[in-house]
Structures are given as structure tokens and as C-alpha cells.
Amino acid sequence: MIKDELNALLSQSVDGLITQGLLPPGDYPIPVVESPKQAEHGDFAVTFALASAKVAGMNPRQVGELLATALQATDTFESVEVAGPGFVNLRVKPNKFEGSLAEVLNSTDKRILEKPGHFARPAQPHPHRINVEFVSVNPNGPITIGSGRGAAYGSALCNLLEASGHTVHREYYINDGVNSEQMRQFALSVRALKLGTEFPEKGYRGDYVQAVADVLDTAEDHPTEWWQSEAQATMLERQRRDLEAFGVVFDTWFSEQSLHDAGIVAECLNELIAKGAADDEPRRTVLKMGKKGAIEEVVREDQPQDEDDAEGSERTVWLRSTKFGDDMDRVLRRRDGRLTYIASDVAYHRDKFNRPSSADRLITVLGPDHHGYINRLRAVVAAMRMSPSEPNGVPAFGEAAELFRDQAEQASCEAATRQAEKELLVQIFQLVRFLKDGKPAPMRKRDGNIFALSDLVDEIGQRLHPDADRKTQQQAGRDVARFFYLMRHHDTTFDFDLDLAAKQSDENPVFYVQYAHARICQLIDRAKTEIPGVIPDVTAADLGIREVSLTELHERERSLLIKVFELREEVARAAEDLAVNRIATYAIELARAYHGFYDQCRVIDAAQPDVSKKRLAIVLATQTALRAALDLLGVSAPERM
RNA sequence: GCCCUGGUAGCUCAGUGGAUAGAGCAACGGCCUUCUAAGCCGUUGGUCGGAGGUUCGAUUCCUCUCCAGGGCGCCA
């Protein structure tokens with residue numbers, strides 16, 4: 001793509017200057033082109049002169065002049081200007097865009113997620129096998145509009161990681177442990193509704209509970225476990241349906257309980273004890289933290305042992321997670337022998353690493369209420385991955401002396417923690433506030449009903465297209481909801497304006513982008529009938545672009561092309577930062593560039609076939625980029641609106 | 001107390017250590033007998049919460065601080 005070519009050219013030029021003795025040898029930064037904020041600064045800008053003035057021992061403008069002279073000589077630029085304190089502003093000769101345009105057109109009609117050769121797929125220097133776990137809510141209710149953000153983000157993130165050259169596994173962790181008190185309450189609520197028995201005090205109300213009861217085909221009572229597994233399965237099915245309708249599918253729905261059933265949780269527990277990462281000493285270590293994560297004090301809380309406890313009660317087993325960066329030790333096995341959620345987490349994470357096509361990176365997407373879970377989760381992975389250490393009897397220093405057996409253990413634990421920081425990335429998405437009539441809309445209705453993701457999709461779809469069929473409504477609702485969820489950075493609280501989402505107007509960015517695509521499609525259709533033979537044949541093996549020469553470019557053509565070429569870089573950067581919102585922003589910018597081009601550049605003109613051909617090539621390239629961006633977001637690209 | 005996130009135009013928000021900080025909406029004014037006006041163009045609008053520091057250069061990095069939201073269970 002054009003930027004890579006220019007970067008290579010820059011490096012050559014700088015090397016040349018050094019070889020010629022015009023620049024003193026030194027440790028220079030790698031020169032790269034940047035996109036200027038203002039169009040009048042040219043197509044690309046170089047800040048090399050500013051960054052390297054010190055190394056060169058010259059003033060930045062001087063370095064800029066040298067670089068400009070060298071670049072002038074390459075016959076690549078229409079203009080090279082040194083501006084301001086030492087920027088080098090570049091305007092590229094139109095024909096230098098031909099290669100990049102051909103590259104994009106080669107990808108027309110290919111989906112970004114299908115063909116590895118797609119132009120938007122950057123060369124991935126460090127491809128990983130990434131397991132992305134997201135949504136993973138309890139199977140005791142429908143997917144809420146709060147979780148909707150995690151669903152949208154997680155699914156788009158997976159697309160993005162794939163597009164940037166990683167292998168991705170999409171995973172949903174089912175919190176179906178039979179020990180779960182919440183699931184027990186949910187099951188008992190269903191039972192009460194079905195059999196007319198007494199409703200549990202902490203029971204779940206809402207139509208969806210009744211709906212589960214209605215589905216179950218039984219008239220008699222069963223053990224609680226039966227109700228639990230039946231209610232769960234029914235609810236899970238609803239979740240799966242809702243998610244699918246929202247464009248979210250998983251490769252694996254992983255059952256927590258299956259780990260218990262296979263005895264793996266217990267096995268892991270024993271492993272941790274053997275490694276010294278867990279034990280049943282009756283104490284909990286709590287770290288008093290100062291600023292910047294500095295340990296101020298190690299507090300040892302002795303746990304009272306109830307002599308009165310029922311016979312057969314066991315000693316509490318603690319994960320010494322304070323050895324792995326957590327601020328508090330965590331319980332793995334309760335006194336009554338039940339294993340905790342975090343105990344299954346150990347087994348679960350071991351499993352993720354140990355499958356046949358195992359992951360080497362884990363990404364876990366969690367909601368805002370799980371922020372405190374990050375260190376704990378990392379400690380779990382660290383403890384599970386740690387290799388046991390031979391005692392060396394050298395006591396650790398300072399606070400560490402309270403935590404570790406000796407320096408050998410400290411080294412081992414710290415290495416495991418650092419490793420876990422690399423292997424496990426926890427992404428927190430922040431709260432969404434839903435606004436209706438300018439006021440916050442409650443997430444939970446007074447009757448105990450939850451504002452479900454499916455309600456959101458339906459409501460937006462119905463308000464947009466009151467008279468359309470259900471499929472059209474759902475598609476529209478899904479497109480708008482996904483785009484709204486994704487257009488803000490996931491780690492920022494944002495307001496979801498339901499009225500704006502349901503407005504079919506220029507205020508709604510989704511339609512702004514989709515409209516650009518629809519305009520393109522209609523234009524291409526029209527060109528096929530009005531000026532057949534002029535439209536570049538992108539299906540030909542050796543593309544029609546070879547006949548399209550870019551001898552001159554209208555300003556709008558130029559800026560549109562540059563924007564199209566940016567997609568690949570944008571995908572790489574967004575994937576690097578796990579920032580899906582960049583793609584939404586890019587889509588809006590690309591749409592803007594297209595609308596601007598469309599307004600000023602007449603495409604179909606039988607009198608000027610060369611101009612038409614060139615512009616159609618640019619339009620096709622834009623269509624490819626726009627589709628790719630929308631694909632990544634999981635938003636449809638309609639052919640007409 | 002500690003941790004996380006945010007504070008940028010009237011509103012909603014972009015912004016990668018670079019130039020005069022951008023967009024959409026709102027307000028005002030233009031552009032359809034030629035490819036979809038769900039569009040385009042222009043005007044108005046800013047102590048980038050505050051104070052220090054690093055840097056040739058800070059909205060961006062560091063420290064402190066103010067304000068707002070969220071989180072810190074033998075719950076999951």
C-alpha cells in the first residue's frame with residue numbers, strides 16, 4: 001500500500017543522505033509518513049526532521065531541506081515542501097497511486113474475513129492463536145442491553161483480530177456450576193411458577209421466568225438439580241437465539257460444570273497445593289496497597305476455626321493469590337467442601353491453554369462490575385502456569401519476606417505473574433446509559449422484567465420501519481444497535497440515545513455510512529447499463545485497472561483514495577489497541593470522503609469514458625473498503641435504501 | 001483508603017508526542033430540469049477540568065490535585 005512504499009522511499013533517502021555525508025551518522029528514528037490533519041498540508045507529512053534534529057546536531061529546517069531535496073529527486077512527488085518548524089509535506093504524483101488502487105480492486109467481491117489476501121489484511125508479524133471469551137453471563141436471564149455492549153464489542157473484536165492476521169476462537173463460558181446460589185434461586189423460582197409452590201424470597205421475577213416455566217414439560221416435582229439444569233438449558237437456548245439474531249456466534253459454549261464432573265477442578269486444586277500456590281493454613285493475607293501498586297503493608301488475618309462446625313467440615317483451602325499480584329488471598333474450597341467459582345476458573349484457564357489447537361493468548365471481555373476481577377484472574381493464570389521451585393533457603397527482602405517461602409519461590413511466582421500479564425488480556429467495557437426522551441431509561445422494569453438485548457433490537461427496528469416485515473426490522477435494529485455500541489471506545493461510559501438510534505435521519509451515523517454504500521451500488525448498477533464496457537472488470541484475472549491510468553486527480557478523488565488506502569493501517573492499529581471503535585470512526589470518515597467526491601465528481605459520463613473508467617475504479621475501491629469496515633463491525637451494507 | 005474509567009465547541013464525541021485541536025448534531029446561510037438531498041458547501045462556536053514536570057514540541061507521557069461514574073465477598 002502507498003504508505004509502505006513511501007516509507008521505504010524515505011528510509012532510502014535518509015540512508016542516502018548519510019552515505020553522502022550530508023547527514024552525520026547516528027541513531028536516527030525510522031522516518032515514516034503521517035496523515036496530516038489538514039488537507040492543505042498535502043497527502044502525507046514527515047516529521048523526521050523534527051525528530052532527528054538533535055541526533056543530527058542541525059536545526060530541524062535544515063534537515064527538512066536536505067530530505068526534501070532528496071525526495072524531489074525520486075520523481076514520486078508533485079510537490080515537496082518544508083513547512084513550519086521542519087515538516088516535510090508531500091503531494092504524491094497521481095500515477096503513484098495506481099499500484100495501491102489495483103491492490104484494492106483485486107480484493108473487490110472478496111470479504112475481509114474470508115480471503116487472506118484481502119487488501120485490508122496487514123502482514124501480521126506476530127500471529128497468535130487467540131481465545132476470546134465474551135458475554136459469559138449467568139444462564140438465569142436473557143442477554144441484557146448492558147451485556148449487549150460486551151456482545152457487540154467481543155464479536156467485532158474477534159473479526160478485527162482475524163482481519164489483522166490472528167487465529168481466533170470465540171468462546172462463551174457457561175456459569176452452570178451446580179453450587180451457584182444464584183442458579184439455585186432461579187431454578188426454585190421456575191419451580192414455584194410451574195408447580196404453584198411457595199415463591200423463594202430471593203427469587204427471580206419477570207416474564208422470562210414464566211416463559212421458562214411454560215416451556216418445561218412436567219407436572220410433578222423433581223430434585224432441585226433437575227430444575228436447575230432444565231431451567232438453565234432453556235434460558236441458555238434463549239440467549240443463544242438472541243445473540244445469533246444480534247450477529248454473535250461462538251465456536252465453543254464451555255460448561256463450567258463439565259469441569260467439576262470430570263474432576264478436573266479438584267485435580268487442579270491438588271496441583272496448586274503441591275506447587276505451594278495454595279494451602280489450608282487458617283489465615284488470609286491481605287495487602288494494604290499504596291499509590292502505584294506499591295505494597296504498604298502485608299496483613300496476616302488469622303481465620304477463626306469454628307470448633308462448633310459440623311463434623312466432617314473441612315479446612316478452607318486458600319489460593320495464595322497475593323503471591324501473584326492479587327491484593328488478597330482467595331478461597332478455593334469452602335469449609336463445607338464446596339469448590340468456589342475461582343477454583344473452576346483455574347481449571348478453565350488450564351483447559352484453554354491445553355486444548356489440541358491451544359491458544360497462546362487469552363482475551364477475556366468483562367463488564368464494568370468485574371473490574372476487580374482482573375488481578376484475581378491474572379493470579380489464577382499465574383498460579384496455574386507457575387513451575388514449582390526448589391527451596392533455596394534464601395529469605396526474601398522486605399514485604400516479600402512475608403509472602404514468599406524464599407527467594408527461589410519469589411522468583412518463580414513473579415516470573416509466572418509476568419508471563420500471565422502477557423498471556424491474559426482482560427478487557428473491561430464500561431457502562432452504557434440508555435437515554436429516552438433525553439432522560440436515562442431504566443434497565444430493569446418495575447415488574448421485574450429486564451430490558452433485554454432482543455427488546456432493544458426490536459424496539460429500534462419497529463420505530464425505524466413500523467410497516468416493514470419482522471426480518472427488515474430486526475436487520476435495521478441490529479445494524480443500528482451494533483453500530484451505536486461500537487462507535488465509542490469500549491472502555492468509556494457512553495450514552496446510547498434511543499431516540500437518535502430510532503431516527504432515520506441525517507443525525508444517525510449508521511445511515512450516513514450505509515447510505516454511502518447504497519449510493520455506490522446504485523451508481524455501479526446504472527453504469528453497467530448506461531456505459532457498459534467502461535466499468536473496470538474486477539473479475540478478470542489481470543485487472544481492468546491496468547487500463548486505468550491516474551494521470552490527474554481531482555482533490556476529492558485524491559482524498560478519497562488516500563482514505564481508502566488507510567483501511568489496512570487502521571485495521572492493524574485498531575487490532576493492536578483492541579479498539580474496535582476506530583473502525584466505526586474510519587467508516588464514517590470514509591463515507592464522508594465518498595459523499596464529498598460524489599457531490600463534485602460526475603462519474604457516469606458517456607462523453608468522457610476515460611474519466612468514467614477512472615472514477616468507477618475509485619468507486620469500486622471505496623465500496624470494497626466500506627464493505628470491509630462494515631463487515632468488521634457486523635453491520636450490513638445495504639444495496640439500496 | 002485503594003483500584004479502574006472519564007472530564008476536549010451549547011450537546012454527543014474523535015484525536016497516533018507535532019503545524020492554526022477535529023467531526024456530527026444544534027444555530028445561521030447557500031446548492032437538486034444531469035449518477036439516491038438519508039447528500040454537499042460555507043459561517044458561528046474552545047482557558048483540551050486545574051497546577052507542576054519531561055520534551056525542540058504535550059489534548060497525548062509523568063507527578064499532584066479537583067469533579068463525575070464504577071469497583072473492591074468463603075456471590076457468580
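Below, chains carry the letters A, B, ... as their sequence lines are ordered, and counting in each starts from 1.
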**Message:** Can you tell me whether the side chain of A:Gln182 and the base of B:C75 have a donor-acceptor pair closer than 3.5 Å?
**Reply:**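 Per atom types, the contact qualifies.
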**Asked** B:A76 base to A:Asp176 side chain: any donor-acceptor pair below 3.5 Å?
**Response**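 Side chain to base: no pair present.
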**Message:** Using whole Å, what does the distance between atom P of nucleotide B:A38 and atom CZ of A:Arg519 come to?
**Reply:**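 The distance from CZ of A:Arg519 to P of B:A38 comes to 8 Å, rounded to the nearest Å.
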**Request:** Rounded off to whole Å, could you give me the CG-to-P distance for the A:Leu287 and B:G1 pair?
**Result:**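 Taking CG of A:Leu287 and P of B:G1, I get 19 Å after rounding.
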**Message:** Would you say A:Tyr512 places a side-chain N or O within less than 4.0 Å of OP1 or OP2 belonging to B:U36?
**Reply:**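 Checking A:Tyr512 against B:U36: no side-chain N or O falls below 4.0 Å of OP1 or OP2.
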Any base atoms under 4.0 Å from [X], or only sugar-phosphate, or nothing? Heavy atoms, all strands.
X        : value
A:Asn59  : nothing
A:Asn89  : base
A:Met641 : base
A:Arg640 : base
A:Lys288 : nothing

**Request:** Would you mind telling me which of B:A38, B:C40, B:A76 lies closest to the side-chain atoms of A:Asn138?
**Result:**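 So the nucleotide nearest the side chain must be B:A76.
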**Message:** Which nucleotide wins on minimum distance to the side chain of A:Arg334, given the candidates B:C13, B:A76, B:G18?
**Reply:**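 Of all the options, the side chain of A:Arg334 is nearest to B:A76.
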**Request:** Compare the ring of A:Phe87 with the six-membered ring in the base of B:A19 and state whether they stack (centres under 5.5 Å, planes under 30°).
**Result:**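 Yes, aromatic ring over the base.
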**Ring center gap for A:Tyr594 and A:His517 short of 6.0 angstrom** =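 Ring-ring flag for A:Tyr594/A:His517: false, centres at least 6.0 Å apart.
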**Prompt:** What about the rings of A:Tyr485 and A:Tyr153, do their centers lie closer together than 6.0 Å?
**Reply:**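 Ring-ring flag for A:Tyr485/A:Tyr153: false, centres at least 6.0 Å apart.
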**Asked** Pick the nucleotide of RNA chain B nearest each of A:Glu639 and A:Leu339; which residue has the one closer to the 5' end?
**Response**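 Comparing both residues, the 5'-ward one is A:Glu639.
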Say we look at [N] and [M]: how far apart would their [atom1] atoms be, to the nearest angstrom?
N     : M     : atom1 : value
B:C64 : B:G24 : C1'   : 36 Å
B:A37 : B:G29 : P     : 23 Å
B:G49 : B:A9  : C1'   : 15 Å
B:A58 : B:U16 : C1'   : 13 Å
B:G42 : B:U36 : P     : 24 Å

**Asked** By a strict heavy-atom criterion of less than 4.0 Å, which residues belonging to residues 597-608 of chain A are in contact with RNA chain B?
**Response**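 Close to the strand are A:Tyr598, A:Asp599, A:Cys601, A:Arg602, A:Val603, A:Ile604.
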**Set of residues satisfying side chain to side chain donor-acceptor pair (under 3.5 Å) with respect to A:Arg488, sequence neighbours excluded** =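 Checked A:Arg488 against side chain to side chain donor-acceptor pair (under 3.5 Å); zero matches.
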Write out a two-atom table: protein N or O, nucleotide N or O from nucleotides 68-72 of chain B, distance below 3.5 Å.
{"from": "B:G70", "atom 1": "N2", "to": "A:His371", "atom 2": "ND1", "distance (Å)": "3.4"}
{"from": "B:G71", "atom 1": "O2'", "to": "A:Gly372", "atom 2": "N", "distance (Å)": "3.4"}

**Request:** Tell which nucleotide pairs with B:U47, taking only Watson-Crick or G-U wobble pairs whose two distances are both under 3.5 angstrom.
**Result:**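 Paired with B:U47, as far as the under-3.5 Å criterion goes, is no nucleotide at all.
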